[in-house]
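Throughout, protein chains are lettered first and strands after them, A, B, ... in sequence-line order, and every chain is numbered starting at 1.
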Amino acid sequence: MTPAQIERFFAILQAANPHPETELEYGSAFELLVAVLLSAQATDAGVNKATRILFPLARTPQQMLDLGLERLEAAIKTIGLYHSKARHLLQTCRILVDEHGGQVPRTRAALEALPGVGRKTANVVLNVAFGEPTMAVDTHIFRVSNRTGLAPGKTPLAVEQKLLERVPPHYLLHAHHWLILHGRYVCQARKPRCWECAVAHLCDWPDKTPAPSKTT
DNA sequence: ATCCCGAGGG
DNA sequence: CCCTCTGGAT
């Protein structure tokens, strides 16, 4: 995509959704961190179902530690990877209490030092909780960036760096959510809905999937 | 490169 | 049945 096409790409996504937000449910920076940590290889809907059970039981790092591994696992069991997520979350809470006064740290280095928190999760927290123009490249953004030709790359980090170069600064703060929502609802992994895609005319992908016929 | 790992959709 | 879901640690 040319710079002019990229500008149009985001202008169209912005027009369709002027104020995009995460679909994860949270009421504090800590709850956001927990929700994003739990969201690895899980759907937002599934994470919300679990945190509706978990957060009333524990809304702070100390409360999470008091809850304990058994009850934490029970609360999040419907998500995949629950054993390692529960263990990492408690290790993270221990560090938050001991080293950060129970607060969520605001630097990439401190965030990535938390067990279960990698580059993508740190980028989401920096963007959503602290308003920094980071680009968290998840499965949706990786797919959309490569499929459309917006920012092709072999690894999530390569795509992230290319997006930071190519996305106009004006769109950078919300580009993350526009791309996620586009990937989740239109540019889907298995069956992209090209026939109802507002940016299909800017897309490199050769297979412009036709609309399903109505079998009349 | 492999493991983790349940729910939902096709 | 198979694939996918806002990945990270080993």
Side-chain angles (χ1 to χ4, degrees), chain A residues 13 17 20-26 29 31-54 69 72-95 104 108-130 132-147 150-151 153-160 163-164 167 172-194 209 211-213 215:
Chain A
L13 294 186
N17 197 343
E21 293 177 9
T22 178
E23 295 185 344
L24 293 171
E25 297 167 2
Y26 68 100
E31 289 187 8
L32 175 68
L33 173 64
V34 173
V36 179
L37 192 152
L38 294 179
S39 73
Q41 299 294 282
T43 62
D44 278 8
V47 173
N48 290 335
K49 188 182 298 183
T51 55
R52 281 181 211 135
I53 295 174
L54 176 61
L69 184 61
L72 175 54
E73 284 194 351
I76 68 171
K77 195 141 193 171
T78 55
I79 310 176
L81 317 179
Y82 66 92
H83 190 66
S84 53
K85 284 176 181 175
R87 188 159 33 84
H88 288 153
L89 178 53
L90 287 185
Q91 292 171 350
T92 281
C93 288
R94 172 48 58 197
I95 295 173
V104 177
R108 171 185 304 286
L111 285 167
E112 290 188 8
L114 301 171
V117 179
R119 186 176 185 87
K120 179 261 170 182
T121 300
N123 277 332
V124 173
V125 172
L126 288 170
N127 182 327
V128 176
F130 303 132
E132 295 191 26
T134 58
M135 277 300 320
V137 176
D138 55 51
T139 180
H140 291 303
I141 295 184
F142 186 76
R143 178 180 66 253
V144 171
S145 296
N146 276 295
R147 187 183 276 168
L150 170 66
K154 291 176 184 171
T155 68
L157 181 59
V159 169
E160 175 185 335
L163 284 170
L164 289 174
V167 177
L172 201 51
L173 192 57
H174 298 297
H176 168 69
H177 288 130
W178 283 318
L179 292 171
I180 292 257
L181 295 173
H182 185 62
R184 181 175 299 162
Y185 295 113
V186 182
C187 196
Q188 298 173 346
R190 276 213 253 182
K191 205 176 119 183
R193 305 169 71 84
C194 299
T209 308
S213 59
T215 67

By the 4.0 Å heavy-atom rule, please label [X] as base, sugar-phosphate, or nothing.
X      : answer
A:V137 : nothing
A:G46  : nothing
A:A189 : sugar-phosphate
A:L114 : sugar-phosphate
A:T121 : sugar-phosphate
A:I180 : base
A:K49  : sugar-phosphate
A:R87  : nothing
A:H176 : base

Give the rounded distance in Å between these two atoms: [atom1] of [X] and [atom2] of [N].
X      : N     : atom1 : atom2 : answer
A:L181 : C:dC5 : CG    : P     : 14 Å
A:Y82  : C:dA9 : OH    : C1'   : 18 Å
A:F142 : C:dT4 : CZ    : P     : 13 Å
A:R190 : C:dC2 : CZ    : C1'   : 6 Å
A:L37  : C:dA9 : CG    : C1'   : 12 Å
A:N123 : C:dG8 : CG    : C1'   : 14 Å
A:Q188 : C:dC2 : CD    : P     : 22 Å
A:E112 : C:dG7 : CD    : C1'   : 12 Å

Within residues 172-185 of chain A or reaching into it, pairs that qualify as salt bridge (Lys or Arg N to Asp or Glu O under 4.0 Å) - sequence neighbours excluded: A:E23-A:R184, A:D44-A:R184

Should [X] and [Y] count as side-chain neighbours, where that means a heavy-atom distance under 4.5 Å?
X      : Y      : answer
A:L172 : A:L164 : yes
A:V36  : A:K120 : yes
A:T51  : A:V47  : yes
A:D138 : A:V124 : no

Measure from the side-chain N and O atoms of A:T92 to the backbone N and O of A:P115, and report whether any donor-acceptor pair falls under 3.5 Å. yes

Could you check whether any side-chain N or O of A:N127 sits under 3.5 Å from a backbone N or O of A:M135, counting only pairs where one atom can act as donor and the other as acceptor? no

Report yes if at least one side-chain N or O of A:H140 is closer than 4.0 Å to OP1 or OP2 of C:dC5; otherwise report no.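 Looking at the OP1 and OP2 atoms of C:dC5, one of them is under 4.0 Å from a side-chain N or O of A:H140.
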
Using the side-chain hydrogen bond (donor to acceptor under 3.5 Å, both in side chains) rule, collect all pairs that involve residues 172-182 of chain A, keeping only residues at least two apart or in two chains. none

On a whole-Å scale, what distance lies between the P atoms belonging to C:dG8 and B:dA7? 23 Å

At a 4.0 Å cut-off to heavy atoms of chain A, the contacted part of DNA chain B spans B:dC4 to B:dG9

5' priority, DNA chain C, between A:T43 and A:P115 [closest heavy atom]: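 With A:P115 and A:T43 compared, the 5'-side residue is A:T43.
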
